[in-house]
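Here the structure is a predicted model, which is why all the values come from computation and not from measurement. Order of listing sets the numbers, starting from 1, for every ligand and every atom in it.
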Amino acid sequence: MQVKGRLWNLFFLFSPEIFRLHLKEMSFEYFKYKGVNFSPGSYSEEALSFAENEFEVLDDDVYIVTYPKSGTNWMIEILSLLRTKGDPTWCNSLPIWLRSPWYETIEGQSQIKDVVTPRVLTSHLPCHIFAKSFFTSEAKIIYVMRNPKDILVSLFHFSKMLSLYKYPKSFAEFFEDFLQGNVLYNSWFDHVKGWMQMKQNSNFFFITYEELYKDLHKSVIKICEFLGKDLDDSQIDLVIKHSSFNAMKENKMSNYSLIPQDFMDQTKGSFMRKGIAGDWKNHFTVAQNEYFDAVYKEQMKELKMTFFWEQL
Ligand code: PPS
């Protein structure tokens, strides 16, 4: 009964936005908050200012922070399963966005009051506008990164489905917009460079989608170490089993099939699309790849870090 009540609550939360905006049918402009692009559908100046300046971070909070399409929901599923020691009942009965709401969104801020503690919350915010209270707290961040070439491809497809994104005119045009940061949440390069300033902090842990993809077992053990979780081998096996791409694609609480079509139109694609590393090779031309590499090299030179995908 409680789950049903929450689902109605969800639809109620989405409906006013849908009826007011019909974003895919209307042209809209991103608005800027401190130089970052946001969409009028789920964000407002007030909600973002609240997230940055007033939101109260609790010492036992864990934040999953990502640039969009980096593996955010995969990490939510993993942490949900770690909470229940591999038992999938919770993941199979409560929508993923209610288990771990995006704390900067209008909907997320309404949903947070029902989140069980210790809270796992989600955010795509860049570091410079993240909740100020985090930086004086003992809360933890898990930052998930992904090969930006695969993010570009994933986001291109997702932009056709989610009303918060401008509908991409063509892959070529979207390619340029992505590299220039003319997308929701701005540039991938700035997001990563901003958050990597935290990499030495003991309450900050980063991992890549590619590491999860290559060796989920090893990755889950690393996550457990960071969070101080003690699961036995059979419990870890359950976490891996229930957070697999196929398990999540089948789980209606995790595959976003419960979201109204006006908001996320899965007739135009699938949220759980391919779930692989390297799909960019099926999309980029040789010239686009060379151009991407040149921009990447220039943008990332100051960071002096080598990422997993650069060695693949
Ligand atoms: S969002 O909308 O920004 O929150 O999206 P996000 O969850 O960050 O990323 C969605 C992509 O992650 C893939 N995904 C997975 N891959 C492998 N295994 C699992 N379990 C998994 N769950 C989600 C999802 O398919 C999207 O990637 P693409 O490349 O589009 O398939």
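With hydrogens and angles left out, the side-chain atoms of Ser244 and Asn246 include no donor and acceptor closer than 3.5 Å. Using modelled atom types, one finds no donor on one side chain facing an acceptor on the other under 3.5 Å when comparing Asp87 with Thr84.
Near Ser243, with a cut-off below 4.0 Å to any heavy atom, the atoms of ligand 1 are 20 (N). Listed by number with element, the atoms of ligand 1 under 4.0 Å from a non-hydrogen atom of Met272 are 21 (C), 22 (N), 23 (C), 25 (O). Listed by atom number, the atoms of ligand 1 under 4.0 Å from Lys274 heavy atoms are 31 (O). Which parts of ligand 1 touch Asn73 is read off a 4.0 Å heavy-atom cut-off, strictly below it: atoms 1 (S), 4 (O), 5 (O), 6 (P), 7 (O).
Residue Tyr209 holds the heavy atom nearest to atom 12 (O) of ligand 1 of all those in Trp97, Tyr209, Trp74.
Between Phe271 and Phe158, the distance from one ring center to the other falls under 6.0 angstrom. Checked against the 6.0 Å centroid criterion, the rings of Tyr165 and Phe156 do not qualify as a close aromatic pair.
A heavy-atom distance below 4.5 Å is found between the side chains of Val192 and Met300. Using a 4.5 Å cut-off on side-chain heavy atoms (C-beta onward), Ser159 and Phe178 make no contact. Using a 4.5 Å cut-off on side-chain heavy atoms (C-beta onward), Leu258 and Met253 make contact.
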Exercise for the section: Run the numbers on Trp74 and Phe245 for ring pair (Phe, Tyr, Trp, His ring centres under 6.0 Å), then give the verdict. Expected result: CA-CA 8 Å; Trp74 196 359; Phe245 182 80; 8.5 Å; no
Handout entry: Full working for salt bridge (charged side-chain N to carboxylate O under 4.0 Å, His left out) between Arg273 and Asp279
Key = CA-CA 11 Å; Arg273 194 183 61 90; Asp279 192 35; 3.0 Å; yes
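Using the six-membered ring where Trp is involved, Phe189 and Phe292 have ring planes that are tilted, between 30° and 60° apart.
The single protein non-hydrogen atom nearest to atom 26 (C) of ligand 1 is Ser154 OG, 3.9 Å, given as residue, atom name and distance. At the shortest separation from atom 8 (O) of ligand 1 among protein heavy atoms lies Thr72 OG1, 2.4 Å. Scanning the protein heavy atoms around atom 5 (O) of ligand 1, the nearest turns out to be Lys69 NZ, 3.2 Å.
Judged by a 6.0 Å distance limit and a 45° cone about the ring axis, Lys149 is not positioned over the six-membered ring of Phe284.
Only the backbone of Ser244 comes within 4.0 Å of ligand 1, counting heavy atoms alone; no side-chain atom from C-beta on gets that close. With a heavy-atom cut-off of 4.0 Å, Met248 touches ligand 1 through its side chain alone. The residue His242 has no part lying near ligand 1, judged by heavy-atom distances below 4.0 Å.
Geometrically, ligand 1 and Pro68 share no nitrogen or oxygen pair separated by less than 3.5 Å. The shortest N/O to N/O separation between Tyr67 and ligand 1 does not fall below 3.5 Å.
At a 4.0 Å cut-off, at least one heavy atom of Trp102 sits close enough to ligand 1 to count as contact. In this structure, Phe158 is part of the shell of residues with a heavy atom less than 4.0 angstrom from ligand 1. Under a 4.0 angstrom heavy-atom cut-off, Arg146 registers as being in contact with ligand 1. Judged by the shortest distance from any of its heavy atoms, His157 lies outside the 4.0 Å radius around the atoms of ligand 1. In this structure, Phe271 has a heavy atom closer than 4.0 Å to ligand 1. In this structure, His124 counts as a contact residue of ligand 1, since one of its heavy atoms falls inside 4.0 Å of the ligand.
Checking Tyr67, Tyr30, Phe38 one by one against Tyr185, the ring-ring contact (aromatic ring centres under 6.0 Å, His included) holds for a single residue, Phe38.
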